[in-house]
Each structure stands twice: as structure tokens, then as C-alpha cells.
There are 2 protein chains.
Amino acid sequence: MSEPYDKGDTFCPSYHHAVEMIGKRWSGVILRELLLGASRYSQLRSAIPSLTDKMLAARLQELEAEGMVTRTVVDSVPVRVEYALTDKGRDLEATITVLSEWADRWYPDGPDRPV
Amino acid sequence: MSEPYDKGDTFCPSYHHAVEMIGKRWSGVILRELLLGASRYSQLRSAIPSLTDKMLAARLQELEAEGMVTRTVVDSVPVRVEYALTDKGRDLEATITVLSEWADRWYPDGPDRPV
DNA sequence: CCGCATCCAACTGGATACTG
DNA sequence: CAGTATCCAGTTGGATGCGG
């Protein structure tokens, strides 16, 4: 990661895909909530106030298609839906932890007041 | 990161800002190239083939405004411009490394062929 | 070499209302 | 509870061309 610059070793598609998937609007926040233990749709909703139904539902579908989460309908009344991280999704924990630490280091008072 | 879910401990603005900044289109890739040693505008251009001038210039301005990179005009003919990571930008190395490893683990053959 | 200006089609996502 | 439907303004970013 710190050797002399090699012109050949460029444009990494896997990393590219990964960083823009977790960085897509709300996705990173949703994944973090799931890592923190949220599992129900309504938990996610109330955990992230400015997130609308439309966005949450859309992102969860995308994350499911990416193999990051599973969706399980619990047949009760009223219906509940449980979302759970897959191994792949849970494996992001290290990344999200390290990035959270970075954020705390450089935005201890929130993003509007950088260090 | 793995304790029982606490409804209060939600919506982290610093992390939210961070993840969507590095996840914005091309930003993560540009930061990675800078970490790998790229410094000139033209290096970044040729390192990332599908990245246009417009996008590269725009992202570099945003990253500069975020305090992630510095921009230095070298007064030669023709003009060169050097981009360098700030401490804040360099401090992202751990995150990008860990995420790259995740990507290699789950997309060893590229994002179109997940494990 | 390093951009910026313009045009423009496509996508995004907020508001609001409604369903099983 | 857990979504979907519709509308629509705003943003995005590719293409192309020009300028210091």
C-alpha cells in the first residue's frame, strides 16, 4: 500500500464496487445498524429518522440482491420482517469499525465541525 | 459493535458523512490511487480509464474542500499539478486496506462473479 | 498538461397517499 | 407492520469542445 507507484496496478474493480456499494446513500448507515443489532424493518426506520420508507425498502432490496442481508417474513399478526446480515455482510464489521473510528477522530463534533 | 441493540445509540452523523464521502462516485478509487502513490492529475487520469476530466476535477475539488487532499500547481511548462493526501486523508489508509481485503475475499474474480 | 463550459438525457430521492 | 404507487424537482454525469 506504500511502495513506489506502479502504473500497472490500477483500477481495482472489486474494491471499486465495494466502496460504492457501502457508500451509496443510506446503505452504510443501514449496514451499521444491522451490525449494531437491529433486525426489524421498524427498528431500522426509527433508528434513522430522516430515512424514508421508499429508500429503506429500496436499499434493503439492493443489499439482499448483493448477498449482504437476508429477508425473512415472520408470519404473525401484524406481520414482521426480519433482516439479518449474511456472512458476507457481517464480514464488513472490521471496515465499518475502522471507518467509524476515523470519523470520530476527524469529526468529533459532527461533520460540520471538522478538526 | 456487537452488544445487544441499543435503540438510543443510533444515527451517527460523523460515520454517515464519512461513508458517503468515500463512497461517492469515484472518490474511493481516487483516494486509493493517491494512497498507492499517484500524485499528478495525469497519473490519476490514466490510472482510472473510465474516469472523465469533469469527474476527476470535480472530485478533487470536493476532496480538497473536505480537507482530504492538497493541490499544488508546479510552475513548469507545461503546467503540472500535484495532489497530495493530508494527514486526514492518509489516515484513511487502514479503512481502505481493510475494505480492499474484504473485496478480494468476496469478489476474487471481480464484482460480476461473487463468491 | 490541466482543466472549465455547455448541453442534455437519465437517474435519484423526497413528499404524499394508499394497501395487505 | 411493512411496504408499494405516483408525481416530480433536483442532481448527476457522459459527451464534446475550448482555453490558459
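Lettering of chains follows the sequences in order, A, B, ..., and the numbering in each one begins at 1.
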Check: So, is B:S42 near the phosphate of C:dC2, with a side-chain N or O under 4.0 Å from OP1 or OP2?
Finding: yes
Check: Under the criterion side-chain contact (heavy atoms from CB on, under 4.5 Å), which of A:L63, A:V81, A:L60 is the partner of A:R71?
Finding: A:V81
Notebook entry, point to check: Which nucleotide, C:dG3, C:dG14, D:dG14, lies nearest any side-chain atom of B:R71?
Noted result: C:dG3
Check: Across the strands shown, which category fits B:Q61 at heavy-atom distances under 4.0 angstrom: base, sugar-phosphate, nothing?
Finding: sugar-phosphate
Checklist line | Of A:R59 and B:A57, the one whose closest DNA chain C nucleotide lies more 5' | finding: B:A57
Item checked: d(CG, B:D75; P, C:dC1) in whole Å -> 16 Å
Next item on the list: Please state how far atom CZ in B:R40 lies from atom P in C:dC1, giving the value in whole angstrom units.
Entry: 8 Å
Note to self: Side chain of B:K24 only, heavy atoms from C-beta on: which candidate in C:dG3, D:dT12, D:dC1 is closest?
What the structure shows: D:dT12
Check: Quick one: do the A:S39 and A:E82 side chains pair a donor with an acceptor below 3.5 Å?
Finding: yes
Next item on the list: Answer yes or no: does a side-chain N or O of B:Y83 lie under 4.0 Å from OP1 or OP2 of C:dG3?
Entry: yes
Next item on the list: Using a heavy-atom cut-off of under 4.0 Å over every strand shown, decide if B:R45 touches base, sugar-phosphate, or nothing.
Entry: nothing
Next item on the list: Provide, to the nearest angstrom, the distance between the CG atom belonging to B:L60 and the P atom belonging to C:dC1.
Entry: 16 Å
Margin query: In this structure, how many angstroms lie between the P atom of D:dT4 and the CE atom of A:M55, rounded?
Written below: 12 Å
Notebook entry, point to check: Do A:K54 side-chain and D:dG3 base share a donor-acceptor contact under 3.5 Å?
Noted result: no
Checklist line | Side-chain heavy-atom pair A:L51, A:L44 within 4.5 angstrom cut-off | finding: no
Notebook entry, point to check: Between A:R32 and B:Y15, is NZ or CZ placed under 6.0 angstrom from the six-membered ring centre and within 45° of the ring axis?
Noted result: yes
Checklist line | Spacing between A:L51 atom CG and C:dG13 atom P, to the nearest angstrom | finding: 11 Å
Next item on the list: Kindly say if B:R25 contacts the phosphate of D:dG14, meaning a side-chain N or O under 4.0 Å from OP1 or OP2.
Entry: yes
Check: Are any of A:Y41's side-chain N or O atoms less than 4.0 Å away from OP1 or OP2 of D:dT4?
Finding: no
Next item on the list: Could you tell me the separation between the CD atom of B:E64 and the P atom of C:dC2, rounded to a whole number of Å?
Entry: 15 Å
Checklist line | Interatomic distance where CD belongs to A:E20 and P belongs to D:dG13 [whole Å] | finding: 9 Å
Next item on the list: Could you check which of C:dG14, C:dC2, D:dG3 has an atom nearest any side-chain atom of B:R80?
Entry: C:dC2
Note to self: Hydrophobic clusters here meaning ILVMFWY residues chained together by side-chain heavy-atom distances under 4.5 Å, can you tell me if A:V19 and B:V98 are in one?
What the structure shows: no
Checklist line | Atom-pair distance (CD1 on A:I48; P on C:dG14), nearest Å | finding: 12 Å
